[in-house]
Amino acid sequence: MEDEKPEDFKRELGLLDGTMLVVGSMIGSGIFIVSSDMVRQVGSAGWLIAIWVLTALLTIVAAVSYGELSAMFPKAGGQYVYIKEAYGKLIGFLYGWSFFAVIQTGTIAAVGVAFSKFAAYIYAPLSDENILFEMGYFKLNAAQIVSIITIILLTYINSRGVKNSKILQTVLTVIKISSLLGLIIFGFIIGAKAEIWNANWTHAWDSKALDVSNGSWLPISGTALLSGFVAAFVGSQFSSVAWEGVTFIAEEIKNPKRNVGLSLFLGTLIVGFIYTMANVMYIAVLPLQDIATAKSDRVAVVASQVIFGGMGTLIIAVMIMISTFACNNGLIMAGARVYYTMAKDGVFFKKAANLNSASVPEWALWAQCIWASTLCLTGKYGALLDFVVIIVLIFYILTIYGIFILRKKRPNAERPYKAFGYPFLPMFFIVISSIISITLLITKTSTCGWGVFIMLIGIPVYYLTKPKSSAE
């Protein structure tokens, strides 16, 4: 009876696979680009490194806090399940709605476009300046086509079973980690110059902002420093999201009560270390002015040209292509499991709840593919990234506060692992992230406000679709 359509996922992923999924999903294109804008916002080596260290600490605290929830609910859907268990179906749906509308698909689209932008370094006709079709306001360029092809290819690989995608993920992520570490080490050995390092650290805590119109620096303090700090934090935070993807595939991980939490800790620790060291390397190789004014914010390209000469651009282009390809593989694999679990709960298209003969939610994978590809075509992915950060932060805060709620609601539930440093470290994350979220809403209302608006549209959508779910 169940020959053709399996009812259950296959447990084929070990601790290494889980850790590589965390690392591979986190490291996309951000670390190669965002430091440029961060330096423009805060203008000092000290503040730049402080923001990356704070981001790493907050990410690790959040990840180990999720460990308690992942051990309690080792099910497909991860964060969606935790939110639903803590707050009920409506808030769970709002997360799933935001996840499908913006968070996962918007990120997949943006990472796909980053892949094609750097592919154009190797083969110029793949550039977004190569317009293939034009009608009114709509322009179709080569970079959009390349990004859509990569999303379709990775969706196909994932639809054929988790084994293929896990091998691809692990191999590409090991290459990605090795090449990033290589860039950092060569940067220190070949590219670092004592005079640049000393100049960057001489006034390490003198915060200033770059006036882009004339290239001059303006001292900032008080409220201006806080808003600059938060604007810079968006870059490091966006580079550090998607670690929770391993919780979505908990039903495919061996010994999930142990390995999901451990994957979260090891993965975020590895990435936090690599990100911080990459930025220390940038400061050793480039004057702050060069970091802030890097063409198209491609700070890694500028650093690589100093380290490797003319080959630098090509080296970084290949690294980013590998990095973004592995990142999207992890995002595509993990995302479909959330829609699968939502469909099981009756709050997403019914077909998304089916597994194919390879024990993966193929219909959910292709639905995700179609919407992510559509977002590639809109050309609005830049704004989507701003939306993503505010919504991701809100749901991180809600999920971690859910630990406090569930400790009260279910005091006797089995907790194979308890949140490290509870209640102080989880509360530290909630307070800092809340301050950042509120400041973002005040200072970036036009983009972050839209993000919250898209999330809230989910409320009427939930009540319009509710009769179908309650009928089950």
Side-chain angles (χ1 to χ4, degrees), residues 15 18 22 54-99 103 237 240-251 253 255-269 272 334 337-338 341-342 344-345 347 390-438 455 458 462:
L15 177 61
V22 174
L54 176 65
T55 305
L57 288 173
L58 286 173
T59 304
I60 293 166
V61 166
V64 295
S65 299
Y66 273 48
E68 175 170 325
L69 297 166
S70 69
M72 283 178 76
F73 307 108
K75 299 174 183 172
Q79 188 171 357
Y80 162 74
V81 175
Y82 315 153
I83 290 171
K84 184 188 71 174
E85 294 290 343
Y87 300 96
K89 268 195 169 184
L90 171 61
I91 307 297
F93 174 80
L94 280 188
Y95 171 72
W97 159 264
S98 307
F99 188 81
I103 296 173
Q237 177 64 42
S240 305
V241 297
W243 48 264
E244 70 278 12
V246 73
T247 70
F248 306 150
I249 59 162
E251 278 187 41
I253 289 188
N255 191 5
K257 292 184 178 184
R258 170 186 174 269
N259 285 341
V260 173
L262 207 47
S263 296
L264 286 166
F265 171 67
L266 292 172
T268 52
L269 184 68
R337 276 64 178 172
V338 176
T341 308
M342 288 175 71
K344 285 275 187 191
D345 288 344
V347 290
I390 186 75
I391 301 174
V392 165
L393 273 177
I394 288 168
F395 283 111
Y396 279 168
I397 293 164
L398 283 174
T399 306
I400 290 174
Y401 189 66
I403 297 169
F404 293 82
I405 292 172
L406 289 166
R407 290 245 182 147
K408 282 204 174 85
K409 265 170 77 171
R410 302 189 186 181
N412 301 319
E414 186 196 352
R415 288 177 173 82
Y417 167 83
K418 292 194 175 179
F420 180 72
Y422 178 91
F424 304 107
L425 286 181
M427 193 48 75
F428 168 72
F429 177 89
I430 290 166
V431 170
I432 299 290
S433 298
S434 298
I435 292 168
I436 288 164
S437 298
I438 292 161
M455 177 182 76
Y462 174 77

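Note that the structure is a prediction, hence the values are computed from the model and not measured.
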Using side-chain heavy atoms (C-beta onward) and a distance below 4.5 Å, is [X] in contact with [Y]?
| X | Y | value |
| --- | --- | --- |
| Val64 | Tyr417 | yes |
| Val246 | Ile253 | yes |
| Thr247 | Leu264 | yes |
| Tyr462 | Leu94 | no |
| Ile391 | Tyr95 | no |

Distance-minimising heavy-atom pair for [X] and [Y]:
| X | Y | result |
| --- | --- | --- |
| Val347 | Tyr80 | CG2-OH, 3.6 Å |
| Gly402 | Tyr87 | N-OH, 3.5 Å |
| Val260 | Ala250 | CG2-CB, 4.1 Å |
| Ser65 | Pro426 | OG-CG, 3.8 Å |
| Ser98 | Met455 | OG-CG, 3.3 Å |
| Gly67 | Ser70 | O-OG, 2.9 Å |

Legend entry - Residues Met72, Glu85; criterion side-chain contact (heavy atoms from CB on, under 4.5 Å); working and verdict: CA-CA 11 Å; Met72 283 178 76; Glu85 294 290 343; over 6 Å; no
Inset, instruction - Tell me, yes or no, whether the heavy-atom count around Lys409 atom NZ, taken from other residues, nucleotides or ligands under 6.0 Å, exceeds 12. - result: yes
Legend entry - Under the salt bridge (charged side-chain N to carboxylate O under 4.0 Å, His left out) test, residues paired with Glu251 that sit two or more places apart: none
Legend entry - Set of residues satisfying salt bridge (charged side-chain N to carboxylate O under 4.0 Å, His left out) with respect to Glu68, sequence neighbours excluded: Arg407, Arg415
Can you sort out the partners of [X] under ring-ring contact (aromatic ring centres under 6.0 Å, His included), two or more places apart, ordered by chain and number?
| X | result |
| --- | --- |
| Tyr422 | Phe404 |
| Trp243 | Tyr66, Tyr396 |
| Tyr82 | none |
| Phe248 | Phe99 |

Would you please name every residue forming a side-chain contact (heavy atoms from CB on, under 4.5 Å) with [X], sequence neighbours left out?
| X | result |
| --- | --- |
| Ile438 | Ile442 |
| Leu269 | Ile60, Phe265 |
| Leu425 | Val61, Phe420 |

Legend entry - Residue pairs, two or more places apart or on separate chains, that pass salt bridge (Lys or Arg N to Asp or Glu O under 4.0 Å) and touch residues 75-84: Lys84-Asp345
Point-to-point distance, once rounded to the nearest 0.5 Å, from [atom1] of [X] to [atom2] of [Y]:
| X | Y | atom1 | atom2 | value |
| --- | --- | --- | --- | --- |
| Ile397 | Phe429 | CD1 | CZ | 6.5 Å |
| Thr399 | Ile83 | OG1 | CD1 | 3.5 Å |
| Ile103 | Glu244 | CD1 | CD | 8.0 Å |
| Ser434 | Ile394 | OG | CD1 | 9.5 Å |
| Ser433 | Leu58 | OG | CG | 5.5 Å |
| Leu393 | Ile430 | CG | CD1 | 12.5 Å |

Inset, instruction - Report yes or no: does Thr341 contribute a side-chain atom to a donor-acceptor pair with the main-chain N or O of Ala76 at less than 3.5 Å? - result: yes
Legend entry - Set of residues satisfying side-chain hydrogen bond (donor to acceptor under 3.5 Å, both in side chains) with respect to Thr55, sequence neighbours excluded: Ser236
Inset, instruction - Enumerate the residue pairs fulfilling side-chain hydrogen bond (donor to acceptor under 3.5 Å, both in side chains) with a member in residues 257-268, sequence neighbours excluded, ordered by first and then second residue. - result: Lys257-Glu414
